[in-house]
Engineer: 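Got a structure for you, questions after.
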Number of protein chains: 2
Amino acid sequence: MMIKRNTIQRSLVLEAVNKLKCHATADEVYQMVAQEHPTISKGTVYRNLHQLAESGEIRKIEVPGSADRFDHRCHDHYHVRCTKCGKVFDVNMDYIADLEKKIRDTHGFEFTGHDLVFRGLCPDCRKESSSI
Amino acid sequence: MMIKRNTIQRSLVLEAVNKLKCHATADEVYQMVAQEHPTISKGTVYRNLHQLAESGEIRKIEVPGSADRFDHRCHDHYHVRCTKCGKVFDVNMDYIADLEKKIRDTHGFEFTGHDLVFRGLCPDCRKESSSI
DNA sequence: TCCTTAATAGCAATGTTTACTAATTAGAAG
DNA sequence: CTTCTAATTAGTAAACATTGCTATTAAGGA
């Protein structure tokens, strides 16, 4: 029986995520793939991103207040989102691998990981808001 | 000079957030206010929720993958989102108030808080995936 | 080569939120 | 109390990210 097919679309999506390094949005992936394969549809990009994330080939990072991000298998790390301009950056901070252990009552949940996103003002927006 | 007006709409929105306790979505607030004041528009609810959040009278909680939540003054806390069904629940865990201090290089950022969302499988979805 | 069905392109539809504009109205000033 | 004016509103449209639908295409086993 066959369960999964290797399509050009899927390999192009994976390739694009790798090229774009970390925290690419689905739309950025779509834009990049569309340069080589203009007929690809957004639905296909979304479907493959989720499949690749589920199979562990890429990582999905959910950022509150903005679009989901997709990373290659770079090390686990955290993010900041500027509350003004919405841009997302990496944060230079150790990953807390055992954060799930601090949960007191799991209520039957099975924890598999966590997303930590800081809120803040990026340097550019700080400048703007102080000069105005 | 006047900078801010006290409108019935704003006080109704604040009242609704208080009544609904924690995790009310903008739409839930709208539904509640509309019962007393049917002509209110969603735009007004959104604008007032953001204004109230900015002035500190309520708190805005951004949850990836679902609508923003608005809380009265309940304590800071974290969330889990089931990776299968998408539902969001509270996590029983101490709030780490000084998490921002663990950041090594701020790169000029001004940090104001953080959102921590765990990933996991809720009890219902665990049952389903084990029985299939 | 044929056959099955997973995967696709294209588009419609969803849900959440923001943007726009003419009409309304809270609150200051006279 | 009346007038003035700009903050706020209702209503609607549009932006945005994402999912759903369906006829068509094509991967890969037989």
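Note that these values count all heavy atoms, side chains included, but never hydrogens, waters or copies made by symmetry. Convention: sequence-line order gives letters A, B, ...; per-chain numbering from 1.
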Engineer: Count the heavy atoms belonging to other residues, nucleotides or ligands that lie under 6.0 Å from CD of Glu54(A), then report whether that count exceeds 12.
Structural biologist: no
Engineer: Whole-Å distance between dA26(C) C1' and Arg10(B) CZ?
Structural biologist: 11 Å
Engineer: For the residue pair Tyr78(B) and His114(B), categorise the inter-ring angle as parallel (less than 30°), tilted (30 to 60°) or perpendicular (more than 60°).
Structural biologist: tilted
Engineer: Can you tell whether the side chains of Asp27(A) and Lys42(A) come within less than 4.0 Å, N to carboxylate O?
Structural biologist: yes
Engineer: Between atom CD in Gln31(A) and atom C1' in dA17(D), what is the gap in whole Å?
Structural biologist: 14 Å
Engineer: Taking Ile96(A) as the starting point, is it possible to reach Tyr95(B) by hopping between hydrophobic residues whose side chains are less than 4.5 Å apart?
Structural biologist: yes
Engineer: How about Phe109(A) and Phe89(B): are their ring centres within less than 6.0 Å of each other?
Structural biologist: yes
Engineer: What residues in residues 34-53 of chain B put a non-hydrogen atom under 4.0 Å from any atom of DNA chain C?
Structural biologist: Tyr46(B), His50(B)
Engineer: Same cluster or not: are Leu49(A) and Leu20(A) linked, directly or through other Ile, Leu, Val, Met, Phe, Trp or Tyr residues, by side-chain heavy atoms under 4.5 angstrom apart?
Structural biologist: yes
Engineer: Give me the distances for all protein-to-nucleotides 22-25 of chain C N/O pairs that come in under 3.5 Å?
Structural biologist:
| unit_1 | atom_1 | unit_2 | atom_2 | d |
| --- | --- | --- | --- | --- |
| dT25(C) | O2 | Arg5(B) | NH1 | 3.2 |

Engineer: Can you see which heavy atom on Val88(A) is nearest to which on Ser66(A), and at what distance?
Structural biologist: CG2-OG, 4.4 Å
Engineer: Phe70(A) ring centre to Lys60(A) NZ or CZ under 6.0 Å, with the angle to the axis within 45°?
Structural biologist: no
Engineer: 5'-most contact on DNA chain C: Ile8(A) or Ile8(B), nearest heavy atom basis?
Structural biologist: Ile8(A)
Engineer: Rounded to the nearest Å, what distance is computed from the CD atom of residue Glu62(B) to the C1' atom of nucleotide dT16(C)?
Structural biologist: 12 Å
Engineer: Between Arg59(B) and Asp76(B), is the closest basic N to carboxylate O distance under 4.0 Å?
Structural biologist: yes
Engineer: Using a 4.0 Å heavy-atom cut-off, does Asn6(B) contact any base of the nucleic acid, only the sugar-phosphate backbone, or nothing at all?
Structural biologist: sugar-phosphate
Engineer: Expressed as a whole number of angstroms, how long is the span from Tyr30(B):OH to dT17(C):C1'?
Structural biologist: 14 Å
Engineer: Would you mind telling me which of dA7(C), dA17(D), dT9(D) lies closest to the side-chain atoms of Gln9(B)?
Structural biologist: dT9(D)
Engineer: So what does Asp27(A) touch, heavy atoms closer than 4.0 Å: a base, only the sugar-phosphate, or nothing?
Structural biologist: nothing
Engineer: Return whichever of Phe70(B) or Thr7(B) has its heavy-atom-nearest nucleotide of DNA chain C closer to the 5' end.
Structural biologist: Phe70(B)
